[in-house]
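Heads up, the thing below is written out as structure tokens.
Atoms considered below: every heavy atom in the structure, side chains included; atoms not considered: hydrogens, waters and symmetry mates.
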Amino acid sequence: MSALRRKFGDDYQVVTTSSSSAGLQGQGPQQQQQQQQQQQLVPRKKRQRFVDKNGRCNVQHGNLGSETSRYLSDLFTTLVDLKWRWNLFIFILTYTVAWLFMASMWWVIAYTRGDLNKAHVGNYTPCVANVYNFPSAFLFFIETEATIGYGYRYITDKCPEGIILFLFQSILGSIVDAFLIGCMFIKMSQPKKRAETLMFSEHSVISMRDGKLTLMFRVGNLRNSHMVSAQIRCKLLK
């Protein structure tokens with residue numbers, strides 16, 4: 001048996017049948033050894049790890065039902081748990097859509113009032129000064145949203161719908177900023193990569209400690225910063 005393990009390794013196990021074991025009883029030692037070497041070798045079934053070597057629990061939830069609605073009910077946590085590429089994609093997409101939507105609203109107001117055609121008239125007071133087309137409306141929105149304030153484009157007092165849209169723009173911009181920037185800040189502050197600098201010993205030992213057989217291993221911290229009130233929880237599977 002030991003010779004077979006040295007030859008084929010631990011990935012294979014020896015499978016014997018009742019007929020072969022009964023036939024070995026009536027043979028000599030040399031014939032029994034030859035018969036044992038000719039026994040059937042089958043690959044050992046590899047078991048999946050309950051906990052990976054990086055500390056992640058290899059558990060998947062299934063058959064929960066309506067998983068999408070459960071994730072959308074807590075959208076903020078869902079965004080925080082997404083991968084960085086999806087977070088950046090949603091971040092850029094949300095701001096781009098919001099900017100284009102609000103710039104279109106300013107262009108619609110200028111178009112319905114006729115400011116696009118009368119902007120160059122000397123005595124005419126437009127809703128937003130110096131807005132002639134969609135790019136100028138988009139620039140006005142960016143200047144207002146980012147509080148740049150170049151002073152070239154500004155809202156006049158002859159446009160009540162522009163004042164209402166400006167208030168809506170300020171509220172919507174504050175909500176989007178608080179939601180997305182808060183999500184990015186929490187995601188950056190999570191210490192998920194901290195586990196990569198915690199090293200475990202490659203081998204564990206069972207030894208006597210305080211009069212009892214104890215499973216022992218070592219944990220090392222590669223960083224100079226100390227961890228205060230650190231706790232370690234282990235799972236033992238039998």
Heavy atoms, side chains only, cut-off 4.5 Å: are [X] and [Y] in contact?
| X | Y | result |
| --- | --- | --- |
| V219 | M199 | no |
| K158 | C127 | no |
| K187 | L79 | no |
| E161 | L165 | no |
| I155 | T144 | no |

Side chains of residues 99-109: which donor-acceptor pairs under 3.5 Å do they make with residues two or more places apart or in other chains?
from	atom 1	to	atom 2	distance (Å)
S104	OG	L100	O	2.7
W106	NE1	Q169	OE1	2.9

For residues [X] and [Y]: do they belong to one hydrophobic cluster (side chain heavy atoms under 4.5 Å, members Ile, Leu, Val, Met, Phe, Trp, Tyr)?
| X | Y | answer |
| --- | --- | --- |
| V97 | I142 | yes |
| F140 | L172 | yes |
| I186 | L88 | yes |
| I164 | F166 | no |
| W84 | L180 | yes |

Inset, instruction - Find the distance between CG (L139) and CD (E143) and round it off to the nearest 0.5 Å. - result: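 One finds 6.0 Å between CG of L139 and CD of E143.
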
Inset, instruction - Rounded to the nearest 0.5 Å, what's the gap from OH on Y124 to CG on N117? Could you check? - result: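 Those atoms lie 9.5 Å apart.
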
Inset, instruction - Evaluate whether atom CZ of F89 has more than 12 neighbouring non-hydrogen atoms of other residues, nucleotides or ligands under 6.0 angstrom away. - result: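 Open: at most 12 neighbouring heavy atoms sit under 6.0 Å from CZ of F89.
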
Legend entry - Within 6.0 Å of CZ in F138, more than 12 heavy atoms from elsewhere: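 Yes.
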
Inset, instruction - Give the minimum heavy-atom separation between A98 and F141, together with the two atoms involved. - result: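 Scanning both residues completely, I find the closest heavy atoms to be O-CZ, 4.3 Å.
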
Inset, instruction - Can you sort out the partners of T197 under side chain to side chain donor-acceptor pair (under 3.5 Å), two or more places apart, ordered by chain and number? - result: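 With sequence neighbours excluded, T197 shows a side chain to side chain donor-acceptor pair (under 3.5 Å) to R194, given in chain and number order.
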
Legend entry - Residues that E145 engages under side chain to side chain donor-acceptor pair (under 3.5 Å), provided they are two or more places apart: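 With sequence neighbours excluded, E145 shows a side chain to side chain donor-acceptor pair (under 3.5 Å) to no residue whatsoever.
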
Inset, instruction - For N221 and L198, indicate whether the former's side chain and the latter's backbone hold a donor-acceptor pair under 3.5 Å. - result: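 No.
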
Inset, instruction - Indicate whether any N or O donor in one side chain lies under 3.5 Å from an N or O acceptor in the other, for N133 and S136. - result: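 Distance-only check passes for N133 and S136.
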
Inset, instruction - State, without any angle test, whether D115 and Y132 hold a side-chain donor-acceptor pair at a distance under 3.5 Å. - result: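 No pair is found: no donor N or O on one side chain lies under 3.5 Å from an acceptor on the other.
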
Legend entry - Connected-component partners of I175 among ILVMFWY, side-chain separation under 4.5 Å: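 Besides I175, the cluster holds I171.
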
Inset, instruction - Can you sort out the partners of F91 under ring-ring contact (aromatic ring centres under 6.0 Å, His included), two or more places apart, ordered by chain and number? - result: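 Checked F91 against ring-ring contact (aromatic ring centres under 6.0 Å, His included); matches are Y95.
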
Legend entry - Residue pair T94, V176: steps toward the side-chain contact (heavy atoms from CB on, under 4.5 Å) verdict: CA-CA 8 Å; T94 303; V176 173; 4.2 Å; yes

In a table with atom names and distances, give each donor-acceptor pair under 3.5 Å that connects a side chain of residues 200-215 to protein atoms at least two apart or in another chain.
from	atom 1	to	atom 2	distance (Å)
S201	OG	H203	O	3.1
S201	OG	R218	N	3.1
T214	OG1	K212	O	3.2

